[in-house]
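A quick write-up on the structure given underneath.
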Amino acid sequence: MLDPKLLRSDPDSVAASLARRGYALDVDQVRTLEARRRELQTRTEELQNERNTRSKEIGQAKSRGEDIEPLLARVGNLGDELDSASRELAQVQAEFEAIATAIPNLPHDSVPSGQDEEDNVELHRWGTPREFDFTVRDHTDLGGMHGYLDFELATKITGSRFAVMRGPIARLHRALAQFMLDKQTLEHGYEEVAVPYIVNRDSLFGTGQLPKFGDDLFRLEGDQEYYLIPTAEVPLTNIVRDEIVDGAQLPLRMTAHTPCYRSEAGAYGRDTRGMIRQHQFDKVEMVQVVDPGHSYEALEEMRGHAEAILQALELPYRVVTLCTGDMGFGAAKTYDIEVWLPSQNTFREISSVSNMEDFQARRMHARFRAQGQKKPSLVHTLNGSGLAVGRCLLALMENHQQADGSITVPEALRPWMGGVERINQK
RNA sequence: GGAGAGGUGGUCGAGUGGUCGAAGGCGCCGGUCUCGAAAACCGGAGUGGGUUCGCGCCCACCGAGGGUUCGAAUCCCUCCCUCUCCGCCA
């Protein structure tokens, strides 16, 4: 959520900034609502003041043993007037709120303008895609050779966009997650957190998935309004919801390995083959809660934490700065890390690292108190994949495949694979 | 599933219709003392919002939402949550 004060005081420059990301803010509507709000709020508060004053007088008169009848008469229909005024005010405020919570974050000045992924700007590349002297198999074929990766089975058990992994591939998947967690906790200073995979509406509102993007979520049946998490960003970031953190404790660095559930509504027909786009996938997520003065340093740092995983796994990748049109709802700036996929002869997203600035913090009322500061201020929140485990698995299979279909385990990963150097096809 | 207890400020905790935004403790900030610190003592400070150039003034907030009343932390209703015991269970 944007700062409502900014939205009120300077809707024109807010609109200009939003226009960069293709969002048309109805400035006239904001102005009209704001004028009405001001009028109604002033009136309501005046009436409340009057009621309070009169009631106090009655109380005092009563305690002195005086007759309160004349005072009661003076109250008249104050209550009715107040009622209608506050009702109208609540309505206008709700309208304003509905508009405000649906507005995406303002892009940072350093974010390139653009419409879609075509306009993203490459920052740098790492590694060189391998030259293969045999016909490259994609991960679906590699995994399918001996039933280590079975999509048909998953379709029977559940439906489309699910996978069953078995044997060495299941182990490789597990090893990757463990490796990533250890890297983030032992080398990059994150605290490992185990979180619920089911969250409530408030949490999803806090990180920005609700109210606008409910279609992308799996909602559970039952009395409670519960949802499966689309990413560990939700439970991790909501740790600081409604909290005032001691400034000395910042930055908070937290990581979690969780499954992620996405309905992928609107993605029909895209990436239907293989495990690029699944309803359920594992991810190691990084979240930082930082002092606003340091959030862009933290963003660069987190990008490095994600890159370190790919480097250790010897997977070529590139980093792009998302353009204004391609950024997520709550992000002020986002880097995507895209891993090389030989079968597709292109780079595919494997991590997304974003600075949300105070966008989520304002929705969550996540604040901190700086040393010696009287007033709490909003924190900045950041999140990034470190990394998507499923996509990492398929990237590893494809990039490190051999002519016979076996897969070389990168050296850095072997300790998590019990020393296994190569996954043979039986 | 059954029975009970409870949700109050950064935190703990008092408060059952009228200057209660709320005692007290802890923690925090400032001061005195000290070479410095600790202790002790004195003082200060809730959060959000409106309005004003500003001092300030005003409004809301005691889990959430309704209701009763001139007036609600306090009474009534609905809901949510937490804890304890029993049952069941990984």
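Residue numbers start from 1 in every chain, and the chains themselves are labelled A, B, ... in the order their sequence lines are given, proteins ahead of strands. Worth saying up front: this structure is predicted, and the values here are computed from it rather than measured.
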> What integer number of Å spans the C1' atoms of B:rU32 and B:rG36?
Replying inline: 15 Å
> Looking across every strand, which nucleic acid part, if any, lies under 4.0 Å from A:E57 by heavy atom: base, sugar-phosphate, or nothing?
Replying inline: nothing
>> Identify the stems formed by RNA chain B, where each pair is Watson-Crick or G-U wobble with both distances under 3.5 angstrom and a stem is at least 3 consecutive pairs.
In response: B:1-7 with B:80-86, B:10-12 with B:24-26, B:28-32 with B:40-44, B:46-51 with B:56-61, B:63-67 with B:75-79
> Does A:I58 or A:D83 map to a spot on RNA chain B nearer the 5' end, using the closest nucleotide for each?
Replying inline: A:D83
>> Strictly by ring-ring contact (aromatic ring centres under 6.0 Å, His included), give each pair with a member in residues 89-111 of chain A just once, sequence neighbours left out.
In response: A:H108-A:Y296
> Would A:Q41 and A:E45 count as having a side-chain donor-acceptor pair, cut-off 3.5 Å?
Replying inline: yes
>> When you compare the side chains of A:Y227 and A:Q209, does any donor N or O come within less than 3.5 Å of an acceptor on the partner?
In response: no
> Starting at the 5' end of RNA chain B, which residue's closest nucleotide do you reach first, A:Y226 or A:K56?
Replying inline: A:K56
> Does the side chain of A:K333 pick up a donor-acceptor pair with the side chain of A:S110 at under 3.5 Å?
Replying inline: yes
> For A:H380 and A:E357, does a side-chain donor sit closer than 3.5 Å to a side-chain acceptor?
Replying inline: no
> What interatomic distance, in whole Å, is found between C1' of B:rC33 and the corresponding atom of B:rG43?
Replying inline: 15 Å
> Given atom CD of A:Q93 and atom C1' of B:rC59, what is their separation to the nearest angstrom?
Replying inline: 11 Å
>> With a cut-off of less than 4.0 Å, is there a side-chain N or O of A:N200 near OP1 or OP2 of B:rC80?
In response: no
>> Just the rounded figure in Å: distance from C1' of B:rU19 to CZ of A:R54.
In response: 18 Å
> So, do A:L313 and A:F179 sit near enough that their side-chain heavy atoms are less than 4.5 Å apart?
Replying inline: yes
> When the P atoms of B:rC61 and B:rG66 are considered, how many whole Å apart are they?
Replying inline: 11 Å
>> If you take any heavy atom closer than 4.0 Å to RNA chain B, which residues from residues 32-50 of chain A end up in contact?
In response: A:R37, A:R38, A:Q41, A:E45, A:Q48, A:N49
> Any cation-pi pair here, A:R303 with A:Y335, using under 6.0 Å and within 45°?
Replying inline: yes
> Could you state the CG-P distance from A:D242 to B:rU47, rounded to the nearest angstrom?
Replying inline: 15 Å
> With sugar-phosphate meaning primed atoms plus P, OP1 and OP2, does A:R367 contact a base, only sugar-phosphate, or nothing at under 4.0 Å between heavy atoms?
Replying inline: sugar-phosphate
> How is A:D246 classified with respect to the nucleic acid when contacts are heavy atoms under 4.0 Å: base, sugar-phosphate, or nothing?
Replying inline: nothing
> B:rA37 and B:rG24: how far apart are their P atoms, nearest whole angstrom?
Replying inline: 28 Å
>> Regarding A:D216 and A:S263, do their side chains bring together a donor and an acceptor under 3.5 Å, going by distance alone?
In response: no
> Separation of A:H365 atom NE2 from B:rG46 atom C1', in whole Å?
Replying inline: 16 Å
> Starting at CZ of A:R363 and ending at P of B:rG48, how long is that distance when rounded to a whole Å?
Replying inline: 19 Å
>> Expressed as a whole number of angstroms, how long is the span from A:L82:CG to B:rC59:C1'?
In response: 11 Å
> So among A:L322, A:D326, A:T321, which one has a side chain to side chain contact (heavy atoms under 4.5 Å, CB included) with A:P112?
Replying inline: A:T321
> What nucleic acid atoms does A:I244 come within less than 4.0 Å of, heavy atoms only: base, sugar-phosphate, or nothing?
Replying inline: sugar-phosphate
> Any side-chain N or O of A:R369 less than 4.0 Å from the OP1 or OP2 oxygen of B:rU47?
Replying inline: yes
>> Tell me the interatomic distance from A:R87, atom CZ, to B:rG65, atom P, rounded to whole angstroms.
In response: 15 Å
> Distance between the P atoms of B:rC79 and B:rG1, in whole angstroms?
Replying inline: 14 Å
> Taking the same atom, P, in B:rU52 and in B:rU47, what whole-Å distance lies between them?
Replying inline: 23 Å
> So does A:N52 get a side-chain nitrogen or oxygen closer than 4.0 Å to the phosphate oxygens (OP1/OP2) of B:rG71?
Replying inline: no
> Which whole number of Å gives the distance between the P atom of B:rA64 and that of B:rC80?
Replying inline: 15 Å
> Which whole number of Å gives the distance between the C1' atom of B:rC62 and that of B:rG13?
Replying inline: 13 Å
> Among the nucleotides B:rC59, B:rC70, B:rG50, which one has an atom lying closest to any side-chain atom of A:S55?
Replying inline: B:rC70
>> Whether the A:E233 and A:T207 side chains hold a donor-acceptor pair (N or O, under 3.5 Å, no angle test) is what I'd like checked.
In response: no
> Do A:T381 and A:Q360 get their side chains close enough for a donor-acceptor pair, meaning under 3.5 Å?
Replying inline: yes
